[in-house]
A.B. asks: 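Right, I'll just put the structure down here and ask away after.
For this chain, numbers begin at 1 and follow the sequence in order. All values below come from the heavy atoms of this structure, side chains included, with hydrogens, waters and symmetry mates left out. Note that ligands are numbered from 1 as they come in the structure, with each ligand's atoms numbered from 1 the same way.
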Amino acid sequence: MNKYTINHFNKDFPDDDSCLDWLKNYLYPKGVFCEKCQKITKHYKVRGRTAYACDLCGNHIYPMAGTIFEKSVTALRLWFYAIYLMSATRCGISAKQIQRETGVTYKTAWRMFRQIRSLLQSDNKPSSGEFEIDDTYIGGKRPGKRGRGAEGKTTVLGMVQRKGKVKALKTADLKRSTVYPLIKASIKPNSKVYTDEFHTYDSLKTLGYAHHSVNHSLEMWVEGDAHTNAIEGFWSLLKRGINGVYHAVSQKHLQGYINEYSFRYNHRGDNKPMFKTILERV
Ligand SMILES: [Zn+2]
């Protein structure tokens with residue numbers, strides 16, 4: 001991945017105007033179409049406002065309309081900087097850190113944090129290929145019995161495509177009636193799926209998959225393709241992040257955190273800097 005450093009950021013976005021300019025150019029790559037003139041015309045920045053005006057008729061356009069910045073009074077560069085911060089660290093950043101780094105109030109930082117994170121949801125298109133499916137628990141103090149929703153713990157179902165993307169979802173429980181529709185919505189029939197021997201996964205063949213289960217209790221060396229290493233790697237990344245950066249996560253916000261980590265995982269090998277990928281979703 002190309003490293004996009006704070007120097008790059010400061011050079012590309014020295015002030016609010018340069019951020020607005022980026023947004024305008026991103027939204028109108030071929031130039032701004034003026035509704036009044038009914039053609040692409042030259043537009044210039046209106047001083048003191050977040051608008052551009054048509055050179056011919058003076059009609060205003062507002063690039064922030066319809067983006068996460070729309071109703072915000074926070075300076076645009078602070079938004080961009082917060083996005084940069086969220087993209088620049090390997091394991092994420094908290095609202096508290098955004099507050100510290102940008103100088104906005106905690107309330108504002110938290111709002112920005114949530115808005116930015118809302119950009120990180122993955123698309124829901126089902127795909128086909130080779131997948132690993134597994135579940136884990138987040139939160140709670142004591143280890144609990146699997147599949148029973150031990151107290152204070154939240155169940156998370158994860159599906160990762162080998163050499164591909166991960167999708168992880170908070171679920172109420174691990175019943176087949178809960179889990180199978182989620183799997184069906186993400187993985188196309190005729191795909192190969194690997195799981196461990198947990199009973200919920202017993203009937204995955206009924207969904208049209210070639211199902212292989214891996215016996216963890218035998219403690220054998222992993223032979224060939226029959227393993228769930230990729231999804232287990234993702235779980236450890238997720239848990240390390242939640243414990244290290246956020247300490248604890250309420251059930252209400254858990255899916256947001258999961259989305260953030262999934263996004264990081266899914267874009268870890270991109271050539272495009274993560275900062276730009278997020279920015280292009282505003
Ligand atoms: Zn015009």
Side-chain angles (χ1 to χ4, degrees), residues 1-89 93 95 98-99 101-125 165 256 259-260 262-264 266-267 270-282:
M1 196 199 305
N2 279 324
K3 190 109 177 77
Y4 191 83
T5 66
I6 187 67
N7 290 331
H8 293 118
F9 177 80
N10 285 331
K11 196 164 152 274
D12 289 347
F13 303 103
D15 50 28
D16 289 339
D17 280 1
S18 51
C19 296
L20 194 67
D21 222 40
W22 179 90
L23 193 58
K24 183 201 69 169
N25 293 333
Y26 177 68
L27 296 172
Y28 307 97
K30 291 175 180 157
V32 183
F33 184 85
C34 175
E35 291 293 335
K36 271 197 177 164
C37 300
Q38 281 296 304
K39 61 178 177 184
I40 290 174
T41 62
K42 241 181 105 179
H43 280 67
Y44 60 89
K45 171 83 187 8
V46 183
R47 217 210 290 210
R49 305 193 63 176
T50 56
Y52 291 82
C54 171
D55 200 28
L56 298 181
C57 73
N59 191 42
H60 283 32
I61 58 122
Y62 298 84
M64 278 153 74
T67 71
I68 59 164
F69 316 123
E70 183 169 7
K71 285 181 181 126
S72 173
V73 293
T74 305
L76 196 54
R77 188 173 187 272
L78 284 185
W79 272 105
F80 275 51
Y81 184 49
I83 293 172
Y84 170 75
L85 290 173
M86 276 182 86
S87 71
T89 55
I93 189 166
I98 290 181
Q99 176 197 13
E101 295 277 340
T102 61
V104 299
T105 64
Y106 183 72
K107 210 175 134 191
T108 303
W110 174 242
R111 223 171 47 85
M112 292 168 85
F113 176 71
R114 273 182 46 199
Q115 291 270 27
I116 295 167
R117 216 169 48 197
S118 73
L119 304 173
L120 308 183
Q121 280 181 38
S122 57
D123 54 19
N124 290 315
K125 273 182 279 163
K165 295 187 171 180
N259 291 347
E260 185 184 334
S262 305
F263 183 87
R264 276 176 213 291
N266 292 341
H267 294 277
D270 289 1
N271 279 321
K272 186 191 279 196
M274 212 174 279
F275 171 64
K276 290 281 169 68
T277 306
I278 303 177
L279 209 52
E280 289 173 5
R281 292 176 167 217
V282 296

A.B. asks: For the pair F69 and W79, name the ring-plane relationship: parallel under 30°, tilted 30 to 60°, perpendicular over 60°.
C.D. replies: perpendicular

A.B. asks: Rounded at 0.5 Å granularity, tell me how far OG1 in T108 sits from CG in L78.
C.D. replies: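 Separation between the atoms: 10.0 Å.
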
A.B. asks: Quick one: do the S262 and N259 side chains pair a donor with an acceptor below 3.5 Å?
C.D. replies: no

A.B. asks: Anything protein N/O/S under 2.8 Å from the Zn ion (ligand 1)? Just list residue and atom, please.
C.D. replies: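 Atoms qualifying: C34 SG, C37 SG, C54 SG, C57 SG.
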
A.B. asks: Would you call the rings of H267 and F263 parallel, tilted or perpendicular, where under 30° means parallel and over 60° means perpendicular?
C.D. replies: tilted

A.B. asks: Can you check whether F13 reaches Y81 side chain to side chain, under 4.5 Å on heavy atoms?
C.D. replies: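 Heavy-atom side-chain distance check fails, nothing below 4.5 Å.
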
A.B. asks: Look at the rings of Y62 and H60 and say which category their plane angle falls in: under 30° parallel, 30 to 60° tilted, over 60° perpendicular.
C.D. replies: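 Because their plane-to-plane angle lies in the 30° to 60° range, the rings of Y62 and H60 count as tilted.
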
